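One structure, as structure tokens, below. Some questions next.
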Amino acid sequence: MCRIIDSEPSSFDEANELQVWKDAMMEEYQSIMKNDVWEIVPRSQGKSVVTSKWIYQIKHAADGNIEKYKATFVARGFSQKEGVDYDETFAPVARYTSIRTIIAIASVMGWKLH
Amino acid sequence: MDVKTAFVNGMVEQEVYIEQPQGFTVHESQSHVCKLKKALYGLKQAPRAWYARIDGFLKSLGFVKNIADSNLYFKVLNGFPVILILYIDDLFLTGNEKLIAGCKEELSKEFEMKDIGLMHYFLGLEVWQRDGEIFLNQGKYTVEILKRFRMMDCKSMATPMNSNLKLLYDDTSESFDPTVYRQVIRSLMYLVNTRPDNCFAVNALSQYMVEPRHVRWIPAKHVLRYLNGTIRYGLRYVSDRKMELLGYTDYDGARSAADRKSTSGCCFGLGSGMISWYCRKQTSVALNTAEAEYIAACGASKEAVWLRKMLTGLFDQELDVTVIHCDNQSCIKLSENPVDHDRSPVKSHRHQIPNIRDMLRKGAVKLQYISTEEHTTNIITKRLSKVKFEYFRDKLGVVENVSPH
């Protein structure tokens, strides 16, 4: 097979017809299994179930060539209700001011940034 | 460094069920679902669960969380320091080389990490580490916006703004596509992260996001034309400098003809370069210049207190008083003299502002006079001529990247 696949499918059915995307999904699934992300349980009454979706992305290298076909299995978290399905949210992001402060300190001290 | 599939490392505490993945159903999907033990991308609690995990791990390595920014960690071992900054699944380390190597090893044992060695790129900021200096810019991003808005071949301008600000108030001119206008201004806002020289222009233009008009699109393009001539510019931090926090505060002289509100501007430098700046319209109308200047100084003091809190935590010692420069003598007098009577020009109770005098008493900040000609914040609060603009741009530490390769 030498046809270059350069479009990102928007649905599972579309992706499932091409080997590269099937391989990508398998890779993601194995990573989930390895990390022991979930256990399969019978559906119980009265518990809400978050819907899920496959996302397909083509990763490009700096020279523009295709580097990787990536499939990500995501939760469609927008259906979760605050207070029912989750309590608090928080995103661990540093302020840009903190980042510049540390860089300024590193330059004065002669430290390298890793 | 970055953490691969970071969110999968977060433990889910609540009971969360999710549909089985399409194509990989183990049991009939009608009857069986996945009960999550760990977080997945897209889940509301995923970032928080991940943070709890990494925070716990960093603490177990002996890191202490900074009190001013909870994504800044610090550790001292045998007198040697190491600092870690966390941004979701991206992080960087600085300090003692041996400690850094040790930290990287511990992190890689616990999580699947990608280590690219010395940092060249962090959150879209290009980082150039050279002997005796660190240079920070967003050159690639600048080129991207110029291409996106088809301004690559335009004639460059020497300053980001030269039109009279009053022109912007004209509500009678023809309207302009709000989507394009907002896209340009938002891109420019992100660029201000390494380009405080654009701070004033971007602030002025961003006040018209709701109803952009053709008269406002021309100055927006002007900023892009200025960028086209200064693509390689950014912040330079050089080594042989004293680690001293210095502040500057100013206001624009109530130039907003629409509502008579003043705009506060301030900037703080540490070592050779600026680390913090903002340009913000005041929320209430000041009765006189001293009051406007006082409101601006209070805002600057608040920022100073936050920066001091962060630095105190990092150095584990009390800091000297932080000097904030101001070009208004009556404002300085007011801050020192605790009178708040009927005829006092500043009625602090009229404004929701922190009392600068409290901070002065605590020895945290001190206002000091600087002549208007030398006042760095001019570039953040005023439209300047080319000569003055370039002079103050230098003072901000914004210079051209001399050897980009």
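Only heavy atoms go into these numbers, but all of them, side chains included; no hydrogens, no water, no symmetry mates. Everything numeric here is computed off the predicted structure, so don't read it as measured data. Chain letters run A, B, ... following the sequence lines, proteins first and then strands; every chain starts at 1.
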I'd like to know if the side chain of A:W111 reaches the main chain of B:N96, judged simply by a donor and an acceptor atom lying under 3.5 Å from each other, with no hydrogens or angles considered.
no
With sequence neighbours excluded, residues passing ring pair (Phe, Tyr, Trp, His ring centres under 6.0 Å) with B:F268
none
Exam field: side chain B:T94 to backbone A:K112, donor-acceptor pair closer than 3.5 Å:
yes
Do the side chain of A:R100 and the main chain of B:L136 share a donor and acceptor less than 3.5 angstrom apart?
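Checking the backbone N and O of B:L136 against the side chain of A:R100, no donor-acceptor pair under 3.5 Å is found.
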I'd like to know which of B:S239, B:G269, B:A52 tops the heavy-atom pair count under 4.5 Å against chain A.
B:S239
B:N71 side chain to A:V93 backbone, donor-acceptor under 3.5 Å:
yes
Is B:F315 in contact with chain A via its backbone, its side chain, both, or neither, using a 4.5 Å heavy-atom distance?
side chain
I need the minimum non-hydrogen distance between A:S98 and B:W306, along with the two atoms involved.
OG-CH2, 3.6 Å
Using atom types as modelled and distance alone, determine if a side-chain donor or acceptor of B:K38 lies under 3.5 Å from a backbone N or O of A:N35.
yes
Counting heavy-atom pairs under 4.5 Å with chain B, the top scorer among A:G77, A:S52, A:A104 is A:S52
Stepwise side-chain contact (heavy atoms from CB on, under 4.5 Å) check, A:L113 with B:Q129
CA-CA 8 Å; A:L113 309 164; B:Q129 303 191 50; 3.4 Å; yes
Contacts of B:Y17 that satisfy ring pair (Phe, Tyr, Trp, His ring centres under 6.0 Å) - sequence neighbours left out:
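Testing B:Y17 for ring pair (Phe, Tyr, Trp, His ring centres under 6.0 Å), a comparison that skips the adjacent residues, returns none.
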Taking all non-hydrogen atoms of both residues, which atom of A:V49 and which atom of B:E19 are closest, and how far apart?
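Nearest heavy atoms, A:V49 then B:E19: CG1-N, 3.6 Å.
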Ignoring hydrogens and geometry, is there a side-chain-to-backbone donor-acceptor pair from B:D69 to A:R95 under 3.5 Å?
yes
Under 4.5 Å heavy-atom distance to chain B, tell me which part of A:I55 shows up: side chain, backbone, both or neither.
neither
Provide the closest heavy-atom pair for A:V108 versus B:G271 in the form atom of the first, atom of the second, distance.
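A:V108 and B:G271 have their closest heavy atoms at CG2-CA, 4.1 Å.
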